[in-house]
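Proteins get letters first, then strands, A, B, ... in listed order; numbering begins at 1 in each.
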Protein chains: 2
Amino acid sequence: MKVTISDVAKLAGVSTATVSHTINNTRYVSSETKEKVYRAIAELGYTPDASARSFRTGKKKIIGFIVPDIANKFFATMIESVEKYLSANGYQLIIANTRENMEREETNVRLLTAGMVDGLLVASTMEDFQRFDALIPTGFPVVLVDRIFDTKKFSSVCVSNFQPIYRSVCRLAAKGDRRIGIIGGLPRLSSTKERISAYRQAMADCALPEEEGLIQYGDSMEKSAQGCLDRLLERGCDAIIVCQGLMASETIIYLHQKGIQLSRDIDLVSFVDYDSEVYTLYADQMDSIIQPVEELGQAAGEQILKRVEDPEAPIFEKVLTSAYKPYSQPGSWSHSDR
Amino acid sequence: MKVTISDVAKLAGVSTATVSHTINNTRYVSSETKEKVYRAIAELGYTPDASARSFRTGKKKIIGFIVPDIANKFFATMIESVEKYLSANGYQLIIANTRENMEREETNVRLLTAGMVDGLLVASTMEDFQRFDALIPTGFPVVLVDRIFDTKKFSSVCVSNFQPIYRSVCRLAAKGDRRIGIIGGLPRLSSTKERISAYRQAMADCALPEEEGLIQYGDSMEKSAQGCLDRLLERGCDAIIVCQGLMASETIIYLHQKGIQLSRDIDLVSFVDYDSEVYTLYADQMDSIIQPVEELGQAAGEQILKRVEDPEAPIFEKVLTSAYKPYSQPGSWSHSDR
DNA sequence: GAACAAAACGTTTGCGCAAACGTTTTTCTC
DNA sequence: GAGAAAAACGTTTGCGCAAACGTTTTGTTC
């Protein structure tokens, strides 16, 4: 039924070793013999079985990527960029979507690390490092992406969260805004924590009164920003900072629908998805923080392959920098420096 | 180093067969023995090796999905929905992104069908069925998604393309529009062909003059709609039909930037991504065609698992229906009926 | 308590391939 | 033309597991 390497060997009149070496270029084979082998392969329509190969070599040529939300543009773009890098290097990509659910993350990590992939990229939805760490077999190649833990146990690739938010608050304060609200993502995530802490510190440094009600948390899922906004608007904000692209779009739409005009009625600073439609329309009325998603994806791909190929490689922590685009200087882009 | 089934067997004082049967529930094992086995598994931290298992059984519990553009919201949403269905049924999903490139599609299909996955979902970028067909090993479970071929060889899941466009033209014509332009996707795709042919037929049926320049093709990638629009606007259109969500967003933004107002200056009908931001903002100024992306994804998942579990199952062709939302009746939704 | 069945487990094989280990043939050297 | 080296290929094993095939033990019947 299935054509195997020994069928090829038989037809070509050589040994299976020769066929194997011919295919994989792992030993010298005379060109006449190669010829015979390739002819037999073509005649039989032989394709090496990936399962058997993986089993034999222990290499699957597959990387897993645990993502909190595939349909979120931020992650979709990152997946694209990761896939691009991996496929260019002979690897395939398995996606697992946790939908910000810890149990699903556990299930998926366990499944994938049990011999299904060579390495794992994880944008974890977990807060507790112990719980995450317990899932990873000793020595298994893992790279944390976008969301990290407070240990040096795994390599990681993320973007700076503190500086852009700190800068945002300062700019708003300098503009005369006093009551600055902020909409963060899930409170348990490292990215959210860093951003909120930057907000707090900047507020203090700018001598602006802190007020717990000015800090709201959404879950970066659909319609989560509206509730946050309602609560912020009730308190009468001069400005709002949004920590996530999807919620930024919601914010803009919601304000638009309420007849609140950006920059005239309220100041807005936000993390945005670079090519999101709302961003294109409103880029000139707000400060935008644009994360280098594609670089993030590529760096993640690089790091995981590096670890897969050399599991002893030292832990590596890469922090990329977001672009900050103030609306007052359209066209001008500046890089925050951490 | 690695804990295998025989390590477990040894520690539990049973045979490997018993361990295997205990894990997989494939033979009666007394509860005391089960106890011993599970205890040994826990003590050693044993996890069955997925590679070996796949190799042995021939089942990988993985489905491949060949996608033309991951970052496109339409496909990202579909991936999400496919993944949801598959993971609920114990399968993982491998993504391959072709970026609308036929060579990449060939490479990926070949790779995945060579023992890496149990079945394949394909939204093909190819026009030539022979070329596609040549890539698929005999009997390999394949389901075509969104883009189909003119044969009954593979099962498929797609949405109706003809009816919504036909209806669009009729509505525009009834409104008095004469010069109706259309922006289609890649000319080689079945979806594009059906939509354009619906346009032609409707134009003829409505006694509107055909004009080749009114038909423009974009590639559904970034910025492709602008060129089409420039050419259409040059000809002075009363109305424009856009056949794809991403290009719809571009169109709306571009018209907005040019100061052309929807419904006052020009009529717009478009396929849109349901939760896209621009759609949310402009839904009341245009006719929208909304494809049932999630149902599409789920149906695709259902079909491919059905084929994987029974390769002899009859060919199945599912055609889903898009929702048509006329802007004149906000809130009212109607279903086109093919 | 012989004969037989059912319960509960063990022994062994082979999936397809890569690669360690081995053999033969050719070529070269003096 | 004997001996050694290099070239070119062959034989065999085992990766970890599932399952086909076999065996032992424990009832059960008359």
Side-chain angles (χ1 to χ4, degrees), chain A residues 1-41 44-62 90 111 113-118 137 140, chain B residues 1-41 44-62 90 111 113-118 137 140:
Chain A
M1 193 74 264
K2 188 168 193 343
V3 183
T4 73
I5 202 171
S6 54
D7 297 326
V8 175
K10 209 173 295 167
L11 180 60
V14 299
S15 73
T16 62
T18 299
V19 177
S20 175
H21 284 120
T22 303
I23 296 171
N24 301 299
N25 253 303
T26 39
R27 187 167 81 176
Y28 182 85
V29 179
S30 74
S31 43
E32 306 96 74
T33 309
K34 271 185 185 167
E35 252 301 281
K36 283 191 290 180
V37 171
Y38 283 128
R39 220 194 307 276
I41 286 177
L44 295 171
Y46 167 76
T47 33
D49 184 77
S51 275
R53 210 175 237 185
S54 299
F55 174 55
R56 181 60 234 259
T57 62
K59 308 282 167 205
K60 290 108 218 155
K61 292 282 177 176
I62 304 178
L111 219 83
T113 53
M116 198 174 247
V117 300
D118 298 318
F140 197 91
Chain B
M1 195 72 263
K2 188 168 191 344
V3 183
T4 74
I5 203 170
S6 53
D7 296 326
V8 175
K10 209 173 296 168
L11 180 61
V14 298
S15 72
T16 62
T18 300
V19 177
S20 174
H21 284 120
T22 304
I23 296 171
N24 301 298
N25 253 303
T26 39
R27 186 167 81 175
Y28 182 85
V29 180
S30 75
S31 43
E32 307 97 74
T33 309
K34 270 186 186 167
E35 252 301 281
K36 285 191 288 180
V37 170
Y38 283 128
R39 219 194 308 276
I41 287 177
L44 295 172
Y46 168 75
T47 32
D49 183 78
S51 276
R53 206 174 242 181
S54 300
F55 174 55
R56 182 59 234 263
T57 62
K59 308 281 168 203
K60 288 111 219 152
K61 294 282 180 174
I62 305 178
L111 219 82
T113 52
M116 198 173 246
V117 300
D118 299 317
F140 196 92

Item to check | Ionic contact status for A:Arg39 with A:Glu35, cut-off 4.0 Å | outcome: yes
Checklist entry - side chain to side chain contact (heavy atoms under 4.5 Å, CB included) between A:Thr22 and A:Val19: does it pass, once the steps are laid out? => result CA-CA 5 Å; A:Thr22 303; A:Val19 177; 5.5 Å; no
Checklist entry - Of the candidate nucleotides C:dA19, D:dG16, C:dT11, which contains the atom at the shortest distance from the side chain of A:His21? => result C:dA19
Checklist outcome for this item: Quick note, A:Thr16 side chain, CB onward, closest among D:dC9, D:dT12, D:dA19 is D:dT12
Checklist entry - Looking just at side-chain N and O atoms, do B:Thr18 and B:Ser15 make a donor-acceptor pair shorter than 3.5 Å? => result yes
Next on the checklist: Quick check: do A:Asn24 and A:Arg53 have side-chain heavy atoms less than 4.5 Å from each other?
Outcome noted: yes
Checklist entry - Which is it for A:Lys2 and A:Asp49 under the side chain to side chain contact (heavy atoms under 4.5 Å, CB included) test, yes or no, and what are the steps along the way? => result CA-CA 10 Å; A:Lys2 188 168 193 343; A:Asp49 184 77; 3.6 Å; yes
Item to check | A:Met116 versus B:Lys60, closest heavy-atom pair with distance | outcome: CE-O, 3.8 Å
Once you round it to whole Å, what is the distance between [atom2] of [N] and [atom1] of [X]?
| X | N | atom1 | atom2 | value |
| --- | --- | --- | --- | --- |
| B:Lys59 | C:dC15 | NZ | C1' | 14 Å |
| B:Arg27 | D:dT23 | CZ | C1' | 11 Å |
| A:Asn25 | D:dC9 | CG | P | 14 Å |
| A:Arg53 | C:dC15 | CZ | C1' | 16 Å |
| A:Asn24 | C:dC17 | CG | P | 10 Å |
| B:Phe55 | D:dC15 | CZ | P | 13 Å |

Item to check | Presence of A:Ser15 side-chain N/O under 4.0 Å of D:dC9 phosphate oxygens OP1/OP2 | outcome: no
Checklist outcome for this item: Residues of residues 2-13 of chain A with a heavy atom under 4.0 Å from any atom of DNA chain C, listed by number, are A:Thr4, A:Ile5
Next on the checklist: Between A:Ile23 and A:Tyr46, does the side chain to side chain contact (heavy atoms under 4.5 Å, CB included) criterion hold? Intermediate values first, please.
Outcome noted: CA-CA 11 Å; A:Ile23 296 171; A:Tyr46 167 76; 3.7 Å; yes
Next on the checklist: Pair A:Tyr28, A:Thr33 - check side chain to side chain contact (heavy atoms under 4.5 Å, CB included), show working.
Outcome noted: CA-CA 10 Å; A:Tyr28 182 85; A:Thr33 309; over 6 Å; no
Item to check | Nucleic acid contacts of residues 30-39 of chain B, taken as heavy-atom distances under 4.0 Å to DNA chain D | outcome: none
Next on the checklist: Among residues at least two apart in sequence or on other chains, which ones pass side chain to side chain contact (heavy atoms under 4.5 Å, CB included) with B:Thr57?
Outcome noted: B:Lys59
Checklist entry - Which part of the nucleic acid does A:Tyr28 contact within heavy-atom distance under 4.0 Å: base, sugar-phosphate only, or nothing? => result sugar-phosphate
